[in-house]
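Computed from heavy atoms alone, side chains included, the values below leave out hydrogens, waters and symmetry copies. Letters A, B, ... are given to chains in the order of the sequence lines, protein chains preceding strands, and every chain is numbered from 1.
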2 protein chains.
Amino acid sequence: MRIASQANHLAPISGILAGDNVQNTPSASAERSLRTFSAKEHVFFEGDDRDSIYEVVDGVVCVYKVTSDGRRQVISFCYPGSLLGFGHADRYLYSAEVLSPATLRPYSAGALEKIVAERPDLAHSLMSFVMAELAAARDQLLTLGRKSASEKIASFLLELSRQNEEMSKDPETLQLPMTRSDIADYLGLTIETVSRNFTKLKTSGIIDLHQNTTVVICDMDRLEETASCDEERF
Amino acid sequence: MRIASQANHLAPISGILAGDNVQNTPSASAERSLRTFSAKEHVFFEGDDRDSIYEVVDGVVCVYKVTSDGRRQVISFCYPGSLLGFGHADRYLYSAEVLSPATLRPYSAGALEKIVAERPDLAHSLMSFVMAELAAARDQLLTLGRKSASEKIASFLLELSRQNEEMSKDPETLQLPMTRSDIADYLGLTIETVSRNFTKLKTSGIIDLHQNTTVVICDMDRLEETASCDEERF
DNA sequence: CGGCCAGTTGAGTGTGGTCAATCGTTGTGG
DNA sequence: CCACAACGATTGACCACACTCAACTGGCCG
């Protein structure tokens with residue numbers, strides 16, 4: 001539901017930002033303002049001047065923080081419809097790296113503030129979006145703080161499955177655009193532990209793996225058991 | 001800075017909510033609408049109908065989630081000025097328990113939406129507040145996912161210290177209204193590990209402990225070294 | 001005084017990390 | 001076309017950090 005619930009609110013937001021009132025270059029068409037990125041390219045780095053907000057149009061973006069000694073924590077994976085780089089600080093608080101060739105639509109850094117100030121009818125959608133991001137981050141706190149490695153992996157796969165559901169894609173066939181290292185840094189594990197737990201799920205017949213980038217969920221019930229924590233939504 | 005940065009934006013919000021336009025009972029004075037809670041009392045539980053939003057006037061509130069098998073993750077500790085229970089869902093996503101006798105000011109669940117819709121001039125402060133909460137949650141992701149037990153404890157103490165600074169209190173004398181169990185559940189540890197690391201910090205002369213509820217930071221530099229992760233803000 | 005609860009401390013264990021070797025795929029150049 | 005390098009992923013052996021279980025301490029209140 002986490003990322004899924006974001007998707008619920010993203011469609012209207014894209015529309016909001018595309019409105020000429022808040023467009024970065026009012027005279028230019030939305031088509032013209034698209035920016036393309038190649039795999040592993042960074043959109044921005046933590047600490048850079050926050051001059052733009054981005055909407056993910058195509059591809060997947062990995063948002064993360066790093067410590068001074070190089071440890072990395074992935075904050076979220078952003079799929080088409082997501083917003084990137086918003087905040088109330090004048091610097092980016094995170095780094096953003098595209099995982100596969102991606103297309104983003106940049107807006108001025110103040111576009112969201114403008115909406116809030118000038119379009120109260122649309123500000124509500126924006127607030128819902130930010131609150132959904134907050135709820136997702138807080139769900140992830142529970143996963144990082146209190147789940148075992150196998151529970152983390154299962155929860156991650158279920159998250160992707162629900163996201164597929166929201167996008168009307170097959171919830172049992174998951175594409176993994178991110179590496180084992182990205183998954184490890186998202187779940188607070190090492191790549192070895194991620195790999196071992198994928199293997200465990202595979203040998204127990206719960207999932208099937210194809211060329212490391214495709215996961216097929218064979219037994220959804222047992223996957224949910226493995227994730228353990230009831231993620232029932234109210 | 002996390003919680004501290006929230007405080008930056010909270011003062012105006014209290015004012016916003018206190019405005020008669022959004023007051024729960026427009027004819028009643030703000031004084032009359034205060035609710036008092038005794039220690040360990042719950043303000044609401046995860047899953048309850050989200051009928052009210054609360055502003056913390058006095059005391060400290062612990063916000064947390066639990067798994068079906070009883071594991072608990074503390075999301076945040078809310079000090080005076082914080083808002084509790086906002087969100088876009090119709091149920092509370094977390095439980096809220098007061099740690100010591102507290103005074104809260106309830107508002108209608110729709111008060112924030114009303115502000116966003118009717119008071120665009122004030123909606124900006126509200127947005128900044130929610131974004132600060134989001135930034136705090138994401139900072140905590142790094143702590144939970146990538147820090148060792150001793151780093152977590154040191155980071156936690158520094159967080160309290162910076163919060164004191166923001167409230168013009170002594171940044172080297174910390175009151176701990178929460179139990180070891182609350183701290184453990186906030187940092188993804190056990191009470192034993194929390195206790196051991198407090199002892200370690202004490203015996204190495206970095207902090208001093210008085211009756212388990214007061215921490216005096218004796219060597220701020222070494223405490224920051226122990227926290228390791230540069231938490232420099234931009 | 002005695003019970004209760006939070007906190008501390010100790011001993012032993014286990015989950016997940018570290019280090020290292022190997023596999024498989026992809027892409028490049030001879 | 002094959003050889004080789006480069007990279008991501010897997011697997012194994014070992015280890016350590018934090019958890020578990022348990023005993024004990026200290027403060028508070030009846």
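- The side chain of B:T190 places no N or O atom within less than 4.0 Å of a non-bridging phosphate oxygen (OP1 or OP2) of D:dT20.
- Within the 4.0 Å cut-off from OP1 or OP2 of C:dT8, at least one side-chain nitrogen or oxygen of B:R180 is found.
- The phosphate of C:dT15 (OP1 or OP2) has no side-chain N or O of A:N197 nearer than 4.0 angstrom.
- A close approach under 4.0 Å does occur between a side-chain nitrogen or oxygen of B:S195 and OP1 or OP2 of C:dT8.
- The main-chain N or O of A:S181 is found under 3.5 Å from a side-chain atom of A:T179 such that the two form a donor-acceptor pair.
- Counting only heavy atoms from C-beta on, B:A149 has its side chain closest to D:dA18 among D:dT10, D:dG8, D:dA18.
- Put simply, CD1 on A:I183 is 8 Å from P on D:dA9, counting in whole angstrom units.
- Residue A:N212 places its side chain closer to D:dT10 than to any other of D:dT10, D:dG8, D:dA18.
- Between the base of C:dG7 and the side chain of B:R196 there is no donor-acceptor pair shorter than 3.5 Å.
- At whole-Å resolution of the value, CD1 in B:I207 and P in C:dT8 are 10 Å apart.
- For the pair B:F198 CZ and C:dA6 P, the computed distance is 16 Å after rounding to whole Å.
- Under 4.0 angstrom from either OP1 or OP2 of D:dA18 there lies no side-chain N or O belonging to B:T193.
- In this structure, the CG atom of B:L189 is 15 Å from the C1' atom of D:dT20, given to the nearest Å.
- Annotation: side chain of A:L104 is not in contact with side chain of A:L34 (no heavy-atom distance under 4.5 Å).
- In this structure, A:R180 contributes its side chain and A:S195 its backbone to no donor-acceptor pair below 3.5 Å.
- Put simply, CG on A:D185 is 14 Å from C1' on C:dG17, counting in whole angstrom units.
- The phosphate of C:dT8 (OP1 or OP2) has no side-chain N or O of B:T199 nearer than 4.0 angstrom.
- B:K147 has no side-chain polar atom (N or O) that falls below the 4.0 Å cut-off from OP1 or OP2 of D:dA18.
- The distance between atom CG of B:L187 and atom P of D:dA18, rounded to the nearest whole Å, is 12 Å.
- Counting any heavy atom pair closer than 4.0 Å across all strands shown, B:Q211 reaches no nucleic acid atom.
- One interatomic measurement links the two molecules: NZ of B:K200 to P of C:dT8, which rounds to 14 Å at whole-angstrom precision.
- Of the charged side-chain nitrogens involved, at least one lies within less than 4.0 Å of a carboxylate oxygen, so that B:D69 and B:R71 count as a salt-bridged pair.
- The A:E192 side chain lies nearest to D:dT11 when the options are D:dT10, D:dC19, D:dT11.
- Whole-Å rounding puts the B:R146 CZ to C:dT18 P distance at 9 Å.
- Using modelled atom types, no side-chain atom of B:D182 and backbone atom of B:C62 make a donor-acceptor pair closer than 3.5 Å.
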